[in-house]
Amino acid sequence: MDEMKLLNLLADNPRATITDLADILGEKESDIESGIKDLENKKVICGYHTVINWDKTNEDHVDAMIGVSAKPERENGYDKIAERIAKFPEVSSLYLISGSSEFLLSINAKTMREVSDFVGEKLAPLDGVSSTVTMFVLKKYKVNGVNIAIENEEDDDRLPISL
Amino acid sequence: MTNYDKLLSKSAKAMRPSGIRRFFDLVAEMPECISLGVGEPDFQTPWDIRDAAIHSLEIGRTKYTANSGLKELRLAIVEWLKRKYQLEYSYENVIVTVGGSEAIDLAIRALLEKDEEVIIPEPCYVSYEPITTLVGGKPVPIPTKEENDFRITAKEIENAITDKTKILVLSYPNNPTGAVLRHEDLEEIVEVLKDKDIIVISDEIYSELTYGMQFESIAQFEEMKDKTIVINGFSKTFSMTGWRLGYAVGPKEIIDVMTKIHQSCIMAAPTTSQYAGIVALRDCDNDVEEMRKQYDLRRQYCVRKLNEMGLHTFEPKGAFYVFPNITSSGMSSEEFCEKLLESKQVAIIPGTAFGESGEGFARISYAYSLDHLKEAMKRIKEFLEEIK
């Protein structure tokens, strides 16, 4: 089976059913199922996520990006401190980056107060963290490749027949 | 009462009207139908290209360009043809046109005298024949065959050549069949043509949409370069149909005459599109690759589905069409397509729209999302079961 094709189809639509995938790729359903299991076991597929525009719900929701300057540890480099940061459930993504700080993380919280508590009481005091820069998200336009606050382009406006 | 029939030019009246006008009218009355009938990509033009066009407007590039097109675009075309197909030309061998179709028109008009013959392998795109007729030339269609994977053979060309033959049209990858010519096919054709005064119009508009093989142009053969007009464009490769931008490349003597005609009837291709075209050729390889991957997945899906439901469908190696054989239904192409439209609201195009030799076939475009194709295939299958 062509794993790349399967991955691309799932990347576009994680809700595609086994039946659909088997039909499109011309494979047996059992092979698709075991192929996906295998990719999950190998941690090639790490999760299936839904893009939600929380602004359209009644839930309070605050997102922030935080740049973290940190010192690497002898032997472990940045991995140990990254592990400690990643353990906080508020942290939704964490990257080691090039540029003015070492880490960029994003956090999802309910209020600004929650964010500042997290930074002041949990993140900044960590051993190895030397400074933080917090950037609150004001509006989300595009998330994981999906336009959520930008008018989508017109649907198929082609003539039904052309030679 | 004005007698328009008397006023209208005989040669314009002689142009063959599309044989399937009635079918088109039926589709037009059914806007909610699931169409597999389009000859244009479903992808949006890549954003970089659109951005370049917008920028050109912002800085006021709103005037005519040179008749033969912006020099920078012509240079970009030359670089692209060299990078893609090892074709070596100077920018003076290039004319930028309003789509590939204008280039076809110019090439035929620049070359053809009354009663001279144009060999046209069919089924094929519909413009070569009417333009030939309009100029007073004689179209000589050669039917290509399913058992040859719809390739024209050197032998068939040789048999069609007379002392009146002026032009051979090669339209590969082919619309509607998806056929391509292989290196060995071209070699044999070159052998037939190399000592003859026949010009090849090589319509390569689908050249970048081939699957599992690299496109090869007949102009890559040294013996043929001076006798070939290569026609290509931006519509299919870069999903730019509405921009109306194409080009012809060939011997300077021919291109100069084509430019003279173009100057009188068109002036120059749209300036905004030309600026966009430069970016398309230089920066959009990845976008094209991504589109090709999507087409390929859909192509394999459609070929498999159609064969599974009993419509023999040869595996096309180019363009974005499949051309199933529908004779097992016992119906003519037009009848099959009309019944399918009426009973399942799926629009596909009778093969006869592309020449008589398209009888027994239908063109299905896969320039649609997989979801759209799935629904259409489901309905075609139901239709076949019902007519059994």
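Chain identifiers are assigned alphabetically (A, B, ...) following the order of the sequence lines, protein sequences preceding nucleic acid strands; residue numbering begins at 1 within each chain. Bear in mind that the values here come from a model prediction, so they are computed numbers and not experimental data.
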Smallest heavy-atom separation, Leu159(A) atom then Glu40(B) atom, equals N-OE2, 4.2 Å
Next item on the list: Inspect the surroundings of CD in Glu32(B) and state if more than 12 heavy atoms from other residues, nucleotides or ligands are less than 6.0 Å away.
Entry: yes
Are there over 12 heavy-atom neighbours, none belonging to Asp157(A), within less than 6.0 Å of that residue's CG? yes
Bottom line for Ala367(B): the part with an atom under 4.5 Å from chain A's heavy atoms is both
So, the part of Asn13(A) with a heavy atom under 4.5 Å from chain B: the answer is neither
* Please lay out, stage by stage, how Asp156(A) and Val38(B) fare under the test side-chain contact (heavy atoms from CB on, under 4.5 Å). => CA-CA 11 Å; Asp156(A) 197 345; Val38(B) 304; over 6 Å; no
Nearest heavy-atom approach of Phe23(B) to Ile161(A) is CE2-CD1, 4.0 Å
I'd like to know whether NZ of Lys140(A) has more than 12 heavy-atom contacts from other residues, nucleotides or ligands below 6.0 angstrom. yes
* Taking everything shown except Met112(A) itself, do over 12 heavy atoms lie less than 6.0 Å from its CE? -> no
Would Leu9(A) and Leu297(B) count as a side-chain contact (heavy atoms from CB on, under 4.5 Å) if you check the C-alpha gap in whole Å, the side-chain angles of each, and the deciding distance to 0.1 Å? CA-CA 10 Å; Leu9(A) 287 169; Leu297(B) 189 64; 3.8 Å; yes
Under 4.5 Å to a heavy atom of chain A? For Arg363(B) that would be side chain
Okay, Phe43(B) and chain A: the region with an atom under 4.5 Å from a heavy atom over there is neither
Tyr48(A), OH: over 12 other non-hydrogen atoms inside 6.0 angstrom = yes
Okay, Gln300(B) and chain A: the region with an atom under 4.5 Å from a heavy atom over there is side chain
Nearest heavy-atom contact between Ser162(A) and Gly39(B) is OG-N, 2.8 Å
query = Can Thr241(B) and Arg158(A) be said to form a side-chain contact (heavy atoms from CB on, under 4.5 Å), step by step?
reply = CA-CA 10 Å; Thr241(B) 43; Arg158(A) 293 175 293 171; over 6 Å; no
Applying a strict 4.5 Å limit to non-hydrogen atoms, the region of Asn175(B) in contact with chain A is side chain
Does any non-hydrogen side-chain atom of Leu163(A) lie less than 4.5 Å from one of Phe24(B)? yes
Checklist entry - Does CE in Met65(A) sit with more than 12 non-hydrogen atoms of other residues, nucleotides or ligands closer than 6.0 Å? => result no
Ranking Ser35(B), Gly37(B), Ser369(B) by heavy-atom pairs under 4.5 Å to chain A gives rank one to Gly37(B)
Quick check on Lys374(B): does its NZ atom have over 12 non-hydrogen neighbours (other residues, nucleotides or ligands) under 6.0 Å away?
yes
Counting heavy-atom pairs under 4.5 Å with chain A, the top scorer among Asp42(B), Leu370(B), Val126(B), Ile34(B) is Asp42(B)
| Is there side-chain contact between Arg304(B) and Leu25(A), with at least one heavy-atom pair below 4.5 Å? | no
If one checks every heavy atom of Gln44(B) against chain A at 4.5 Å, the contacting part turns out to be side chain
The interface call for Asp2(A) against chain B, heavy-atom contacts under 4.5 Å, is neither
If you tally heavy-atom pairs under 4.5 Å between each of Glu308(B), Arg298(B), Arg50(B), Met377(B) and chain A, the highest tally belongs to Arg50(B)
